[in-house]
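Just so it is clear, the values below take in all heavy atoms, side chains as well, and ignore hydrogens, waters and symmetry mates. Note that the coordinates shown come from a computational prediction; the quantities given were computed from them, not determined experimentally.
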Amino acid sequence: MPLSRRQKIALASTAVLIAVPVTASIILMNMDWNRAKPWLNARASEALGRPFAIEGDLALTWQQPTAGGQQGWRDYLPWPHLQAKDVRLGNPSAMAGTDDEAQLASVSQLAFSLNPLALLDKKIIIPQLRFDTPQVRLLRNKDGKNNWTFDKQDQPSPWQLELQSVVFSKGTVTLDDGVTKTAMRADVDTIAGDARYGIAWTLSGKYHGETVKGGGKAGGVLSLQQQGTPFPIQADMRAGGNNMAIEGTLTRPANLAALDVRLKLSGPSMARLYPLTGVLLPETPHFSTEGHLTGTLAPRGGEWVYDKFSGKVGSSDISGKLAFSASTPRKRLTGEVHSRLLQFSDLGPLVGADSSASKKERGVASTQPAGRVLPVETFKTERWTSLDADVRYTADKITRDAELPISKLDTHVVLTDGVLSLTPLNFNVAGGTLTSQIKLDGSGKVIANGIAAELKASARHLHIQQLFPRLPALQASVGEINGDASLSATGNSVATLLGSSNGEVRALINRGSISKLLLEEMGLNIGSVVLAKLSGDKQVKLNCMAADFAVTKGLMRTRQFIVDTDDAVLNIDGTVNLADERLDLTLRPDSKGLRVFSLRSPLYVHGTFSKPDVSVDKGVLALRAGGALALAVVAPVAALLPLVNTGPVEDSECAALLAQARVKPVAPKPGKAVRKVR
């Protein structure tokens with residue numbers, strides 16, 4: 001039966017519709033795709049904003065899209081699967097360099113599939129990109145321009161690239177960073193038979209001048225999607241004596257959207273972490289911590305939290321939570337740190353008062369001159385303006401080898417634009433309290449390359465017996481010390497700060513008693529000392545001990561210093577030079593009663609802090625009292641240096657001194673004139 005004209009037209013149309021895709025498929029499958037490389041190279045270069053070239057063979061096959069693609073009839077549309085050899089990706093035009101440097105990456109072979117329908121919308125969608133033997137070189141110039149940022153193009157491109165995942169194989173990644181002075185190399189290789197990790201890597205090179213070595217593992221498929229599977233990572237690295245180990249996951253690695261790892265850190269000093277992290281931390285003894293690190297890296301700064309960490313700093317335990325924000329204009333560190341037991345010597349590195357062996361371990365040259373007591377190690381104030389901080393630190397108990405009676409440290413550390421404040425810095429000391437407020441301005445606005453310091457301190461109810469637990473002559477002594485202090489100074493170390501300090505220091509002991517034997521030794525009453533040794537020591541009522549010092553440019557001058565008991569009066573006059581660390585004190589003992597034999601000559605305390613010398617006019621017998629005298633005068637003055645006193649006794653024999661001591665001390669502002677000392 002002959003076909004009608006309409007049927008012939010319909011049949012012809014159907015044949016054409018079938019023949020066109022079949023013919024196109026046959027042509028596409030058999031054509032030489034190397035002819036399409038110029039077009040593909042141009043489109044990819046336009047989308048990436050940098051040179052892209054397939055210099056080797058280009059082959060194409062057709063494959064069904066993976067599960068999870070488009071729905072409906074699109075599932076039956078095969079996608080082109082390209083295999084390209086010798087592929088190269090160059091640097092952006094802003095990165096000038098030689099031919100060797102003008103290349104971000106090269107791959108011996110890569111394979112990927114394209115969504116053909118997305119090309120109609122000028123989108124290059126690659127579900128998975130596989131690399132064979134990739135060579136990647138990341139560059140950043142001293143001016144901050146880098147070759148790994150893709151979102152800054154000279155002209156916006158109508159084409160968009162969406163890379164959803166990457167599969168790695170054996171290759172090399174290098175980083176040359178002119179900003180951080182970094183030159184590192186990572187060698188990557190595949191792992192077979194590991195359910196969690198697909199690649200292993202090793203790392204070596206320099207970072208901020210520090211030698212870095214390490215290695216680790218990572219997942220085999222790097223998901224770059226908005227909602228991707230967490231990417232497993234594990235690393236163990238060593239740099240500048242520091243060790244770091246992490247294990248956890250990374251979500252959306254292209255943006256470091258969510259890092260969730262277990263972090264272990266250890267090193268000779270927390271301050272040595274600064275070149276690696278950019279976070280300003282204090283000088284400490286050797287430390288080790290372990291905790292939970294989570295973080296994000298936003299376009300203008302990241303947020304990082306080190307939570308539920310615990311560890312050791314020297315012999316002290318620490319735990320707590322710290323949060324770090326890479327905000328502007330300065331980074332910010334906040335948190336709370338706690339110690340159940342703090343070894344007092346572990347605080348030494350904070351002010352450079354640790355031993356030479358400790359300094360060597362934490363990587364600091366020992367600059368302490370022989371015979372000097374006050375630490376001369378300088379503070380690195382040039383780093384103070386890189387970070388703001390708000391951290392609370394508490395310690396339940398403080399110990400040291402000599403049983404220093406200090407407990408329950410509580411301080412609030414605030415660093416703002418180079419100004420460090422400890423408000424408060426409180427201790428429980430010898431059954432009493434020592435409260436203080438310290439301000440250290442290291443911003444450079446007051447003094448270049450140094451610190452303008454202010455100190456206000458008060459001591460209340462310090463028990464003499466507990467304050468000197470190792471002194472046999474004071475084991476039976478009772479009484480309390482009260483005091484206040486106000487000092488200001490400029491310098492760049494503890495030694496220079498104290499050596500330039502101005503202000504007032506006062507102290508008072510009342511309602512107590514003191515060892516009679518100690519007083520006899522101080523008065524050089526030789527016969528009474530012998531009798532006391534034979535019959536036993538007794539307690540003498542201490543009417544008052546009042547000390548009043550004026551401090552001018554590091555020179556402490558006695559305005560009044562008297563020890564008054566029922567048996568004797570001891571008047572002390574002279575200076576303590578904090579700049580030169582020298583003593584120049586004269587002690588005039590005056591016995592109130594009859595003594596078997598008494599040497600009434602004044603006593604002289606001269607020499608340095610490290611080697612004080614006690615003598616009389618001819619140096620006879622005075623050395624026998626030297627130990628007690630140095631203990632009774634030099635040690636209390638050193639212990640009470642930041643104190644000024646107020647006392648409650650109104651009817652004692654030194655009521656006038658007590659009334660005078662109630663006047664609060666005043667320290668001039670750094671750089672201001674200091675009143676004359678009478």
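Put simply, the side chain of Ser339 gets close to the backbone of Asp317: a donor and an acceptor are under 3.5 Å apart. A donor-acceptor pair under 3.5 Å is formed between the side chain of Asn34 and the backbone N or O of Leu58. Of the possible polar contacts, one joining the Tyr306 side chain to the Gly291 backbone as a donor-acceptor pair under 3.5 Å is found. Judged purely by atom type and a 3.5 angstrom limit, Thr284 uses its side chain to pair as donor or acceptor with the backbone of Met270. A donor-acceptor pair is defined here as one N or O able to donate and one able to accept, closer than 3.5 Å; no such pair exists between the side chain of Lys85 and the backbone of Ala59. Counting only distance, with no hydrogens or angles, the side chain of Ser269 and the backbone of Glu283 share no donor-acceptor pair below 3.5 Å. Checking side-chain atoms of Thr381 against main-chain N and O of Trp384 turns up no donor-acceptor pair under 3.5 Å. In this structure, the side chain of Asn147 engages the main chain of Arg137 through a donor-acceptor pair within 3.5 Å.
Judged purely by distance below 3.5 Å, without hydrogens or angles, the side chains of Ser106 and Gln135 never pair a donor atom with an acceptor atom. Under the 3.5 Å distance criterion, with hydrogens and angles disregarded, no donor-acceptor pair is assigned to the side chains of Ser493 and Glu377. Residues Lys206 and Thr211 have side chains that bring a donor and an acceptor to within less than 3.5 angstrom of each other. Using modelled atom types, one finds a donor on one side chain and an acceptor on the other under 3.5 Å when comparing His292 with Asp260. A side-chain donor-acceptor contact under 3.5 Å links His81 and Ser113. Side-chain contact annotation: Thr172 with Asp187, donor-acceptor N/O pair under 3.5 Å present.
Two residues are said to be in side-chain contact when any heavy atoms from C-beta on lie closer than 4.5 Å; Phe324 and Leu387 meet this criterion. Taking 4.5 Å as the limit, every side-chain heavy atom of Val279 sits out of range of all side-chain heavy atoms of Lys331. A heavy-atom distance below 4.5 Å is found between the side chains of Thr289 and Ile318. Residues Ile246 and Leu293 have side chains not in contact (no heavy-atom distance under 4.5 Å, counting atoms from C-beta outward). Between Val188 and Trp201 the shortest side-chain heavy-atom distance falls below 4.5 Å. The shortest side-chain heavy-atom distance between Phe379 and Leu497 falls under the 4.5 Å cut-off.
The distance from the CG atom of Leu265 to the CD atom of Glu290 is 10.0 Å, given to the nearest 0.5 Å. Note that CG of Leu129 and CG of Leu82 are 11.0 Å apart. Values are rounded to the nearest 0.5 Å. The distance from the NE2 atom of His338 to the OG atom of Ser310 is 12.5 Å, given to the nearest 0.5 Å. Annotation: the span from Asp194 atom CG to Lys217 atom NZ amounts to 5.5 Å, rounded to 0.5 Å. Here CG of Leu104 is found 11.5 Å from CZ of Phe52. Values are rounded to the nearest 0.5 Å. Rounded to the nearest 0.5 angstrom, Thr182 OG1 and Leu138 CG are separated by 11.5 Å.
Note on residues 51-62: pairs passing salt bridge (charged side-chain N to carboxylate O under 4.0 Å, His left out), not counting sequence neighbours, are Glu55-Arg88.
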Inset, instruction - Any chance you could lay out the side-chain contact (heavy atoms from CB on, under 4.5 Å) test for Asp307 and Thr294, step after step, and finish with the verdict? - result: CA-CA 8 Å; Asp307 193 13; Thr294 56; over 6 Å; no

Legend entry - CA sep, side-chain torsions, deciding dist, call: Val136, Thr174, side-chain contact (heavy atoms from CB on, under 4.5 Å): CA-CA 6 Å; Val136 180; Thr174 61; over 6 Å; no

Inset, instruction - Determine, stepwise, if the pair Leu259 / Ile233 fulfils side-chain contact (heavy atoms from CB on, under 4.5 Å). - result: CA-CA 10 Å; Leu259 180 70; Ile233 55 174; 3.7 Å; yes

Inset, instruction - Give the intermediate values and the outcome of side-chain contact (heavy atoms from CB on, under 4.5 Å) for residues Leu322 and Phe309. - result: CA-CA 9 Å; Leu322 292 172; Phe309 69 83; 4.0 Å; yes

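Checked against side-chain contact (heavy atoms from CB on, under 4.5 Å), Asn242 has the following partners two or more places apart in sequence or in another chain: Pro268, Arg272, Leu273, Leu276, Phe287. The side-chain contact (heavy atoms from CB on, under 4.5 Å) test applied to Lys123 returns Ala118, Asp121, Ile125, Gln160, not counting sequence neighbours.
Heavy-atom neighbours of Lys145 NZ from other residues, nucleotides or ligands within 6.0 Å: at or below the threshold of 12. Atom CZ of Arg130 has 12 or fewer heavy atoms from other residues, nucleotides or ligands within 6.0 Å.
For the residue pair Ala111 and Gln83, the shortest heavy atom distance occurs at CB-CG, 4.0 Å. Contact between Ile54 and Ala84 at its shortest, heavy atoms only, is CG2-CB, 3.5 Å. Pairing each heavy atom of Gly352 with each of Arg362, the nearest pair is CA-NH2, 4.0 Å. In plain terms, the two heavy atoms of Gly314 and Asp346 that are nearest each other are CA-OD1, 3.7 Å. The two residues Pro127 and Trp79 come nearest to each other via the heavy atoms CG-CZ3, 3.3 Å. Of all heavy-atom pairs between Arg196 and Gly248, the closest is NH2-O, 3.5 Å.
Of the residues Leu281, Asp388, Val413, Asp390, the one that meets the side-chain contact (heavy atoms from CB on, under 4.5 Å) test with Leu333 is Leu281.
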